[in-house]
Amino acid sequence: MGDVASRFSAYVEGFTSVIGDGGRAKPLRDYSAGLMMPCDRKSVEPMAAITAPERRAAQHQSLLHFAGQGDWLGQQVNFVICRASEGLDVGQLGT
């Protein structure tokens with residue numbers, strides 16, 4: 001499991017250079033984790049409940065702010081996604 005966690009951390013850290021303010025790194029991590037978690041809806045309310053159950057309301061607001069104030073450049077984010085997926089064996093994604 002440690003390998004998955006370290007790979008996820010490296011993946012998320014790749015985006016910190018293009019999202020602007022360094023204070024957005026934790027919301028980015030939480031938002032990304034929420035997208036990958038098994039929940040019925042991929043919206044900030046269930047994501048907040050999963051990523052910070054003890055402070056659900058505050059997390060909900062944090063994730064809303066993060067998603068709604070995304071002033072980073074889409075082209076730069078897409079570049080990071082492409083760079084991170086280089087060499088990815090998509091045949092193994094379902095395993």
Side-chain angles (χ1 to χ4, degrees):
M1 192 70 172
D3 184 48
V4 172
S6 65
R7 288 176 56 208
F8 176 72
S9 290
Y11 179 77
V12 171
E13 285 176 27
F15 289 99
T16 58
S17 64
V18 297
I19 63 169
D21 179 16
R24 302 186 85 181
K26 182 170 179 356
L28 169 66
R29 172 180 288 285
D30 292 343
Y31 190 80
S32 299
L35 288 174
M36 291 189 269
M37 297 302 247
C39 55
D40 293 335
R41 296 180 301 138
K42 296 299 181 192
S43 63
V44 295
E45 187 175 350
M47 289 165 56
I50 289 173
T51 58
E54 68 287 349
R55 47 182 289 283
R56 182 181 305 183
Q59 180 74 339
H60 180 249
Q61 289 302 311
S62 175
L63 293 174
L64 277 176
H65 181 75
F66 175 77
Q69 299 298 319
D71 57 355
W72 52 83
L73 299 175
Q75 187 175 21
Q76 291 176 333
V77 171
N78 288 340
F79 175 76
V80 172
I81 292 169
C82 290
R83 189 179 64 205
S85 63
E86 288 176 356
L88 181 65
D89 182 357
V90 293
Q92 298 205 0
L93 289 178
T95 59

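Since this is a predicted model, take the numbers as computed values, not measurements.
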In short, Arg24 meets His65 closest at the heavy-atom pair NH2-O, 4.2 Å

same_hphob_cluster(Ile50, Tyr31) at 4.5 Å side-chain heavy-atom cutoff: no

message: Do Tyr11 and Met36 land in one hydrophobic cluster if side-chain heavy atoms of ILVMFWY residues count as linked below 4.5 Å?
response: yes

Sequence neighbours excluded, the answer for ring-ring contact (aromatic ring centres under 6.0 Å, His included) partners of Phe8 is none

Examine Phe15 and Phe66 and state if one hydrophobic cluster contains both, with Ile, Leu, Val, Met, Phe, Trp and Tyr joined whenever side-chain heavy atoms are less than 4.5 Å apart.
yes

Residue pairs passing the ring pair (Phe, Tyr, Trp, His ring centres under 6.0 Å) test with at least one member in residues 32-51, sequence neighbours excluded, are none

Side-chain donor-acceptor contacts of residues 57-64 below 3.5 Å, not counting sequence neighbours, with atom names and distances?
residue: Gln59; atom: OE1; partner: Arg55; partner atom: NH1; Å: 3.1
residue: Gln59; atom: NE2; partner: Asp30; partner atom: OD2; Å: 2.9
residue: Gln59; atom: NE2; partner: Thr51; partner atom: OG1; Å: 2.9

dist Glu13:CD -> Arg29:CZ (nearest 0.5 Å) comes out at 6.5 Å

